[in-house]
Amino acid sequence: MSSKRAEYAKRNDCRVCGSDRLTRFLELGPQPLANAFLDEKGLKEDEEKFPLDLYVCDECSHVQLLDVVSKETLFSHYLYFSTVSTTIPAHFASLAAEIAARHTVRGDMVVEVGSNDGVLLSAFEGTGLRTLGVEPASNVAKVARQRGVATMNRFFTPETAAMIARDLGKAKVIIGNNVIGHIDDLAGVMTAVKGLLTEDGVFIFEVPYLVDLLEKNEFDTVYHEHLSYFAVRPAQTMLERSGLKLIDVKRQQVHGGTIRLYATHIESATQPAPAVQEHVQLEETLGLATHAPYEAFAKRVQELRDTLIKLIADAKANGKRIAGYGAPAKGNTLLNYCGIGANDLDFIQDSTAAKQGLYTPGMHIPVVPPADFQANAPDIALMLAWNYQEEILGKEQAFRTNGGKFIVPIPMPRIV
Ligand code: TYD
Ligand code: ZN
């Protein structure tokens, strides 16, 4: 939204192991930043675009972007709010309950990195635990504070961690959900975690799982905010390099398929649960340390694009009106990569107030409030927020009863 130029740099080494042997397997760009929605004035300006390419490290198999837009550009003002769905708050409430029951006793401190609007920490109310959020986006941190969640408006760095440890003591649990993959300096954040965690503390973090991304063709979850696409094995390497060890893995449904990883100090006597080795084995069986699965994925992504373009062209040829449902960041990767623009989609409805009245980056499709979708229902809605498929189908029964159809683009476009 701001017309300030973005700071950008290309790195040439793996952010987990430092190797410079990296292989590019998917090119989605150049693309604008997926959350850089434009106002009327922005539409008239030159839009910045950056390469959006996926690489795999030939040394440690970590899948990642090497084109890095600065964290200040991406995260100082943020348009993503955790509470936009009902799915995520429910998912977080169950994590909070698990932490309160299994990993802490009253009076312990829980620190959340990238605490967003405070939805997860607010679920600790009444548990007797002390909580602290660390959130770099000032607009989002403000919302968290308004709901009574103590929040530091900072990036989580070794300095931030030292400050918390000094002023408030160490944390029994550090949570990092959908944030570790956003951080370029992985060693820095792991050092911060190591320094802030009590001797018997647990670091619990969730990242989208590379296995799900590959299997379900979730290429649209690739955008400049997401620097790492984790499998268990490279995550283990990352942790061990900073004196931490992986002790458990649990697969989750959210965000198209996620893993929750549990880590502790490497010196701890805690033995890893069998799930750790099971996932490492699964990844070996899938050949994630070879190029084959990535090349096959890239082929499927092209096939997906061709199928979706044809589906939309056919519908348009039949005089159908199409709109987008949800304007997530991932929708912009999809629209820009497939070249689906304002001639194809009349508008996109989104429930996030901060996006309404703006235009999508790259394709410049207007974003409108849900009420406009109800009042001016299209024949077909392209479900860009496909990760909330159940929630959306559940609440849009009237649209479907009246003959409305959804196109769900992932894993392969289909009409429901
Ligand atoms: P999400 O998929 O969570 O995030 P990302 O930006 O990381 O890809 O974003 C979902 C978007 O969809 C968000 O802008 C809100 C919107 N949305 C709706 O408009 N209606 C809905 O019913 C739901 C569930 C989401
Ligand atoms: Zn590597």
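The shown structure was predicted, so the numbers you read here are calculated from the model rather than taken from an experiment. All residue numbers in this chain count up from 1 along the given sequence. As the structure lists them, so they are numbered: ligands from 1, and atoms in each ligand from 1.
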Q: For atom 22 (O) of ligand 1, what is the closest protein heavy atom, and at what distance to 0.1 Å?
A: K395 NZ, 2.5 Å
Q: Is ligand 1 under 4.0 Å from a heavy atom in the side chain of A385, in the backbone, in both, or in neither?
A: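 Answer for A385: side chain.
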Q: Please state which part of K330 comes within less than 4.0 Å of ligand 1, counting heavy atoms only: side chain, backbone, both or neither.
A: both
Q: At the Zn ion (ligand 2), what is the angle formed between atom SG of C14 and atom SG of C60, rounded to the nearest 10°?
A: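 About 100° at the Zn ion (ligand 2).
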Q: Go through ligand 1 atom by atom and flag the ones less than 4.0 Å from a non-hydrogen atom of Y223.
A: 5 (P), 7 (O), 8 (O)
Q: Taking the Zn ion (ligand 2) as the vertex, how big is the angle to SG in C57 and SG in C17, rounded to 10°?
A: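 SG of C57 and SG of C17 make an angle of 100° at the Zn ion (ligand 2), to the nearest 10°.
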Q: Would E125 and T131 satisfy side-chain contact (heavy atoms from CB on, under 4.5 Å), going step by step from the backbone distance to the final call?
A: CA-CA 9 Å; E125 235 180 75; T131 63; over 6 Å; no
Q: Taking only Lys NZ, Arg NE, NH1 and NH2, and the carboxylate oxygens of Asp or Glu, determine whether R400 and E396 approach each other closer than 4.0 Å.
A: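 Here R400 does not pair with E396 in a salt bridge, since their nearest N and O are not under 4.0 Å apart.
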Q: With respect to atom 9 (O) of ligand 1, which of A327, G326, S351, P328 exhibits the smallest heavy-atom separation?
A: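 Shortest heavy-atom distance from atom 9 (O) of ligand 1: P328.
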Q: Relative to the heavy atoms of E391, which atoms of ligand 1 are at a distance of less than 4.0 Å?
A: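 What qualifies from ligand 1 is 24 (C).
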Q: Quick one: does ligand 1 sit under 4.0 Å from the side chain of D350, the backbone, both or neither, non-hydrogen atoms only?
A: both
Q: Do the side chains of D344 and K316 get close enough for a salt bridge, i.e. N-O under 4.0 angstrom?
A: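 Salt bridge between D344 and K316, a charged N being under 4.0 Å from a carboxylate O: no.
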Q: One thing to verify: whether K310 and E303 come together as a salt bridge, which I'm taking to mean a side-chain N less than 4.0 angstrom from a carboxylate O.
A: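 No salt bridge links E303 with K310.
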Q: Using distance alone, with no hydrogens and no angle criterion, decide if Q236 and R233 have a side-chain donor and acceptor under 3.5 Å apart.
A: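 Yes.
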Q: Touching ligand 1 at all, F81? Heavy atoms, strictly under 4.0 Å?
A: no
Q: Output, in order, the C-alpha distance, side-chain angles, deciding distance and verdict of side-chain contact (heavy atoms from CB on, under 4.5 Å) for E218 and K330.
A: CA-CA 9 Å; E218 297 166 350; K330 66 176 81 64; over 6 Å; no
Q: Does even one non-hydrogen atom of E225 get within less than 4.0 Å of ligand 1?
A: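 No, E225 has no heavy atom closer than 4.0 Å to ligand 1.
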Q: Parallel, tilted or perpendicular, judged at 30° and 60°: which one describes the rings of F373 and Y325?
A: perpendicular
